[in-house]
Amino acid sequence: MAADYRIGRASCWALLLFGLQLAQAFYIPGWSIKSYNEGEPIPLFVNKVYSDNTQIQYAFSELPFVCPPSGRQRHGTGLISGSNVALNLGEVLRGDRIMVSDYELEMGKDDEAHYLCSQKVDRASLKKAIEVVKKGYVAEWIVDNLPGATSFVTVDKSRKYYAAGFKMGYEEMSLTTGKPRYFLNNHVTLVIRYHRAPGRDGQHGKKVIVGFEVYAKSIEAENRDTSGLPADLHDVRQGLELTMTRNITNNTVSRDVDSSYVLQEFDDGAEDATLTIPYTYSVYFREEEKIEWANRWDLYFVNQEDSSKTHWLAIGNSIVISCLLTACVAVILTRTIRGDIKGYKEGGLDDGKLRLTRRGKGIRSPRKVSSEKGGLLEQVDIETTAEADDASSEDGMPEDITGWKLVHGDVFRPPPYGHLLAPLIGSGMQLVFMAVGLLALSCFGVLNPSFRGGFISVGVALFIVAGAFSGYFSARVYRTFGGTTWRHNAIVTATLFPGLLFATVFILNLFVWAQASSTAIPLGTLFGLVTLWLFIQLPLVYVGSWYGFVRGGSYTHPIKANVIPRQIPQQAWHSRSMQAILLAGLITFAVIFIELRFVFRSLWLDKSGYYYVFGFLAVISTILILAVMETTIIAVYIQLCSENYHWWWQSFFLGGSSSIWIFGYCVYYYANHLHITGLVSTMLFFAYSFLACLVYGLLTGTIGFLTAYAFVRRIYGAIKVD
């Protein structure tokens, strides 16, 4: 049996690695190809500005120091400048605010210099501009569903790759004063890379866009012609510095030795002083022979491909840990437990049947044993009779009847607060369904960066639909624990976890609203989420609960619980609840630690990049699930051997225990790697980290609970009580 078990596991590893190669190779770049004729207008959309140093985002069009939309209709596109683009739920939740811009692009037509506008800013607007530059904000523009990117080369200079977005400005230290100076990028060079359209469109001279690069620079406001264009774009001596200096003697705009363009700030009565910022842009079209439309997103992932060796190291580390756990589980299943049961058969009693007599305090003594062969774990018949003997003792107990065998009359006793555990298991199954669906769709390329906001939108949809599964499993577990009011359980299941999630997001949203950030969820979207929750998910949970409680019924147990609970002896330090939870969590945390670094870097440290190595993530997640299952089995077995039958809640906590270590890693990551400043940003980081760890802990805790439940039923199912 042990050999078959190991062969089966080896086959699973081979299948996983083969699936990884498929997942890495398969990719859907978008839904439809848009081709352009020569001279056809190309709309440019502005989205938002974001920074790795803060969690607060802003809509680009709402910044007070940029050119406001003119409201003119764009020729040839039917779009009106300043009009908002319809967004899906995921785009709204991630802070996208996409708007049609006034930038004029025509396929194949270069424009070396084009004046956009001159924006006058007051002191408050200037302060906002300095904040945006100081915190390293990056702007996101979109052309043909491609985010504008800054081009880089790999370390070996063999390949080019993109980082989405471009800097809003830069900071320099003054040589004379030693203080920082802030320059705003008021000119952008747009490079549109195109390729001949595939199929018949290409035969008719149409082109497709395969690259969108943005190069920003700061140009002084002086030395411009009457149209607002600088004299020479290629010879820029000074940038546009964001500063106002105090000058009591005159009220004029002048230059000083330390700035390119300085507005003198008046001493008294000059609160209406303004700084004029001119904006210009250039457009160039370049043909790209090597890149086709189907792989135009590859440049955004090249930098991740360079770290593939580290991903393989993460997989190797996970496999080693999982193999060690597998060996421990194999020993438990094929030797220890089977040997314990086999010991009954070889006990030397006359007819081979063990009769356990239940005494006053639940202590049992053997009478006779018989066995029937039943696969990996042989089945043993145990007949029990109840005898009222208040003066009972353990004197008649043979020394070899110890450990997990002694608690068979208490192991299926319903846990305390089972009415709370059942809804948690239901919500955990809901999250399992959502996570598996998201991971599968990502591996098959359906969810990808070109489907902006798709990951969140599909995740919410899967979570809502999975409400039926949540109600079903919650109701069956609830009935197994002896519950009778299934309607109340259905309401708790539908509101406990989603309610906590919504309440936390709503409170955080109040702080974000106060910052006027685009990350704030609009009131209409909040009402929409509440509608989805109360009018779609809740009924699905209710229907699933009815079906699980009435049709599915309770799970059957091989042994009935004793009337009088058995006394639990003092536990060794490693068997105690908190120590076991922390040790089990550390093992499963070690499985995902290396890959977790890449996820964190993509989420918090490098927001201009895209995490798109879901093939590796799928393999790591599969190994993680196996590690959670095996760790829970080992820990529960040790607990039962210590004659502690309170395993229901313990198995749930064991499965989700690595979330404690992940949250601890979040604290470490914040202190040593991130540069987040501000109270609101810090609060958002830890609140989002807590919610993510809560979701992860609920998901893996449910897996641990179901695994332990199946394990306990399996080993005690080998003991048949008449």
Side-chain angles (χ1 to χ4, degrees), residues 42-49 58 60-61 63-70 81 99 101-106 109-121 125-126 128-130 132-134 136-143 147-152 162-172 181-193 211-243 253 255 259-263 274-286 608:
I42 303 173
L44 186 149
F45 303 94
V46 295
N47 189 3
K48 61 185 178 182
V49 294
Y58 300 103
F60 182 89
S61 58
L63 294 174
F65 54 88
V66 302
C67 293
S70 63
S81 172
M99 180 178 289
S101 73
D102 284 306
Y103 290 86
E104 299 178 0
L105 286 71
E106 296 181 3
K109 293 187 177 180
D110 293 347
D111 190 350
E112 186 173 353
H114 196 109
Y115 174 76
L116 184 64
C117 79
S118 292
Q119 177 70 359
K120 289 186 178 182
V121 298
S125 301
L126 183 66
K128 190 67 177 179
I130 293 176
V132 167
V133 174
K134 183 177 182 180
Y137 273 88
V138 173
E140 180 180 300
W141 292 358
I142 302 170
V143 167
T150 304
S151 178
F152 297 94
Y162 285 162
F166 62 93
K167 288 285 187 181
M168 291 291 294
Y170 61 93
E171 177 182 350
E172 283 185 356
R181 303 165 59 192
Y182 303 101
F183 295 84
L184 180 70
N185 290 329
N186 59 336
H187 178 86
V188 291
T189 300
L190 309 177
V191 180
I192 310 297
R193 301 193 179 275
F212 175 34
E213 302 171 8
V214 182
Y215 302 95
K217 66 170 61 176
S218 180
I219 302 178
E220 60 182 344
E222 296 182 348
N223 299 325
R224 293 175 180 261
D225 57 24
T226 56
S227 62
L229 296 174
D232 189 356
L233 286 173
H234 305 289
D235 185 18
V236 179
R237 298 182 179 180
Q238 294 288 345
L240 180 67
E241 184 176 4
L242 299 171
T243 183
V253 175
R255 298 171 62 92
S259 65
S260 58
Y261 183 66
V262 181
L263 176 65
T274 59
L275 172 66
T276 301
I277 304 176
Y279 286 92
T280 55
Y281 64 95
S282 305
V283 182
Y284 298 97
F285 287 85
R286 296 293 181 264
S608 60

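Both backbone and side-chain heavy atoms feed into the values below; hydrogens, waters and symmetry mates do not.
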Has the side chain of Tyr281 got a donor or acceptor atom that lies under 3.5 Å from a matching backbone atom of Glu104? yes
Separation between CZ of Phe183 and CG of Leu242, rounded to the nearest 0.5 Å: 8.5 Å
Any donor-acceptor pair under 3.5 Å from Ser101 side chain to Leu44 backbone: yes
Step by step, work out the side-chain contact (heavy atoms from CB on, under 4.5 Å) result for His114 and Leu105. CA-CA 11 Å; His114 196 109; Leu105 286 71; over 6 Å; no
Short side-chain to backbone donor-acceptor contact, Asp225 and Gly228, under 3.5 Å: yes
Give, for atom CG of Leu229 and atom CZ of Arg224, the distance between the pair rounded to the nearest 0.5 Å. 7.5 Å
Could you go step by step and tell me if Asp111 and Tyr103 meet the side-chain contact (heavy atoms from CB on, under 4.5 Å) rule? CA-CA 11 Å; Asp111 190 350; Tyr103 290 86; over 6 Å; no
Using only heavy-atom distances, determine whether the side chains of Lys167 and Tyr137 contain a donor-acceptor pair under 3.5 Å. no
Side chains of Pro69 and Met99: does their closest heavy-atom pair fall under 4.5 Å? yes
Over 12 non-hydrogen atoms of neighbours within 6.0 angstrom of NZ in Lys217: yes
Under 4.5 Å between any side-chain heavy atoms of Asn186 and Thr280, yes or no? no
Roughly how far, to the nearest 0.5 Å, is OH of Tyr215 from OG1 of Thr150? 8.0 Å
Would you indicate whether the side-chain heavy atoms of Val49 and Met168 approach each other to under 4.5 Å? yes
Of all heavy-atom pairs linking Pro230 and Ile219, the shortest is CB-CG2, 4.0 Å
With a 4.5 Å heavy-atom cut-off, do Leu184 and Phe65 have their side chains touching? yes
In terms of side-chain heavy atoms, does Glu172 have a donor or acceptor partner in Tyr182 at a distance below 3.5 Å? no
Trace of the salt bridge (Lys or Arg N to Asp or Glu O under 4.0 Å) decision for Arg181 with Glu241: CA-CA 7 Å; Arg181 303 165 59 192; Glu241 184 176 4; 3.1 Å; yes
Between Ser282 and Glu112, is there a donor-acceptor pair closer than 3.5 Å when you use the side chain of the first and the backbone of the second? yes
Taking the side chain as C-beta and beyond, is there a heavy-atom pair between Glu220 and Leu240 under 4.5 Å? no
Is it the case that the side chains of Asp102 and Ser81 hold a donor-acceptor pair, with the cut-off being a distance below 3.5 Å and no angle test? yes
On the 0 to 90° scale, with breaks at 30° and 60°, tag the Trp141-Phe166 ring pair as parallel, tilted or perpendicular. perpendicular
Starting at CD of Gln119, measure out to CD1 of Ile277 and round the result to the nearest 0.5 Å. 7.5 Å
Determine whether Ser118 and Tyr279 make a side-chain contact, defined as any pair of heavy atoms from C-beta on separated by less than 4.5 Å. no
How many angstroms lie between atom OH of Tyr58 and atom NZ of Lys128, to the nearest 0.5 angstrom? 3.0 Å
Of the non-hydrogen atoms in Leu190 and Phe212, which two are nearest, and what is the gap between them? CD2-CE1, 4.1 Å
Measure the spacing between OG of Ser61 and CZ of Phe45 and express it to the nearest 0.5 Å. 13.0 Å
Is any side-chain heavy atom of Thr189 closer than 4.5 Å to one of Tyr284? yes
